[in-house]
Amino acid sequence: MNLRLCTRCILPETFPNIKFDADGVCHHCHQEESALAKSIAKKAEYRQKLDDLISATRDKTPAYDAIMAYSGGKDSSYTLKLLKERYGLRIIALTLDNHFVSPTAWDNIRAVVDKLGVDHMTFRPSWPLLKTLFCVTAREDIFSPATLLRASTICTACIGIVKSLVLKTALEMSIPLVGFGWSPGQAPIQSAIMKTNPSLIRQNQKALKAALPPDLLSSMAPYLLPDNYYDLYKDAFPYNIHPLAFFDYDEERIKTELKEIDWRAPTNTDTNSTNCMLNGFANQCHIQRHGFHPYVWEIANMVRQGIMSRADGIEKIYSPQNPEQVLYAQQKLGL
Ligand SMILES: [Zn+2]
């Protein structure tokens, strides 16, 4: 590999605005040092915060205590297990069927929700709509430049629909907690328990609508928040929680615990996503356009936090995408 990498994390020289010191350590590693020390101390504080929040919200609404954005991947499966087994919450899991969920992920979704005894629903947007959205985002970066540092444009579009749908469903069903399976590298601990703010959500939705191709906007309306919801449900906006930011995170232990709930590791997807067959192609589009892997920020964070070894991180990020999977997605999208 000719690419120069930070000697501590694995960020490459092609990562926008990166600077290296004389030892080859990147400025993100230096900036994160103090935050990292604090976040270790914060873990216990956040576990307490979640205990308090759950005591305050549990059994206060008719149907569910929490809705989980459930991809069937290992992180969201593990989060679902945690919320169900540790806290005994009444949960409904929601899966966005983006038409690229791997067969193994479907097997896992059914097995896990059955084993845990949680309700589950699938939302499958129409294929012509998603095909157009994925084709547009495969070719063009329609969101803000900042989003490109964290994810591919295809992923950002898909996750935008997921976030919007779970929030909409939470409001309509009076569910006070929305669970996400973000890994400790994907989202910082400071945002791990956060009440959704209607005016901020309104801004995000506005930005999403502005970025979407105009001809898709009206057909995507069912997935977005209607304008009257901000008033209608103003006292019912839920808390977003992503507990993996403050529970000990160890991939091997997580996989062992997941075996207990009949979750099996898929073999036919790329090394970063355990559930989505579009991911390899999305990664490849991003790497070709921007010269760095869309997961490198997340994995660099995990390496820095000592959750993943540097060698494993390098293998995850700097191995080529699975060509069969890339081809599968390309052909399905007609690209
Ligand atoms: Zn670094």
Side-chain angles (χ1 to χ4, degrees), residues 1-46 73-75 141 143-156 159 180-192 194 242-254 270-274 279-280 282-322:
M1 187 172 24
N2 297 320
L3 200 59
R4 179 185 184 192
L5 306 184
C6 168
T7 50
R8 191 174 296 169
C9 71
I10 57 162
L11 288 177
E13 60 186 333
T14 46
F15 197 76
N17 304 318
I18 196 165
K19 291 180 200 74
F20 296 100
D21 71 9
D23 300 319
V25 177
C26 79
H27 74 284
H28 293 289
C29 279
H30 288 300
Q31 278 172 7
E32 292 292 312
E33 263 166 22
S34 61
L36 213 55
K38 277 186 209 140
S39 86
I40 291 164
K42 272 191 179 301
K43 284 188 173 182
E45 183 195 314
Y46 270 74
K74 79 175 163 21
D75 291 337
D141 296 314
F143 304 112
S144 76
T147 62
L148 298 173
L149 303 178
R150 302 287 187 275
S152 68
T153 300
I154 290 178
C155 264
T156 302
I159 288 170
F180 292 97
W182 307 134
S183 79
Q186 272 173 319
I189 193 164
Q190 293 84 342
S191 63
M194 204 165 255
H242 52 91
L244 296 191
F246 51 88
F247 280 93
D248 292 329
Y249 187 96
D250 175 315
E251 275 209 13
E252 288 314 307
R253 210 202 59 222
I254 287 175
D270 68 287
T271 50
N272 294 106
S273 169
T274 45
N279 203 44
N283 292 342
Q284 185 165 297
C285 292
H286 188 98
I287 293 166
Q288 280 171 356
R289 275 211 295 273
H290 303 288
F292 63 95
H293 194 296
Y295 283 69
V296 72
W297 178 259
E298 172 190 355
I299 300 299
N301 278 334
M302 305 231 302
V303 169
R304 227 177 264 135
Q305 291 171 33
I307 293 168
M308 188 182 291
S309 75
R310 192 167 177 278
D312 285 352
I314 288 175
E315 198 192 321
K316 253 192 174 171
I317 293 301
Y318 297 102
S319 308
Q321 304 305 307
N322 176 334

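Counting from 1, the numbers follow the sequence of the chain as shown. Just follow the structure's listing: the first ligand is 1, and inside any ligand the first atom is 1.
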Side-chain donor/acceptor of Gln284 to backbone N/O of Gln321, under 3.5 Å
no
Would Lys38 and Ile189 count as a side chain to side chain contact (heavy atoms under 4.5 Å, CB included) here? Give the steps. CA-CA 10 Å; Lys38 277 186 209 140; Ile189 193 164; over 6 Å; no
| said: One thing to verify: whether Lys316 and Glu251 come together as a salt bridge, which I'm taking to mean a side-chain N less than 4.0 angstrom from a carboxylate O. | reply: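 Counted as a salt bridge, because a side-chain N and a carboxylate O are separated by less than 4.0 Å.
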Protein-side N, O or S atoms sitting under 2.8 Å from the Zn ion (ligand 1) are Cys6 SG, Cys9 SG, Cys26 SG, Cys29 SG
In Phe20, Tyr318, Phe15, the residue satisfying side chain to side chain contact (heavy atoms under 4.5 Å, CB included) with Leu5 is Tyr318
Practice prompt. Return the minimal non-hydrogen interatomic distance between Ile18 and His28, and the atom names on each side.
Written response: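 It is CG1-CD2, 4.3 Å.
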Could you label the plane-to-plane angle of the Phe180 and Trp182 rings as parallel, tilted or perpendicular, counting under 30° as parallel and over 60° as perpendicular?
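Ring orientation, 0 to 90° scale: parallel.
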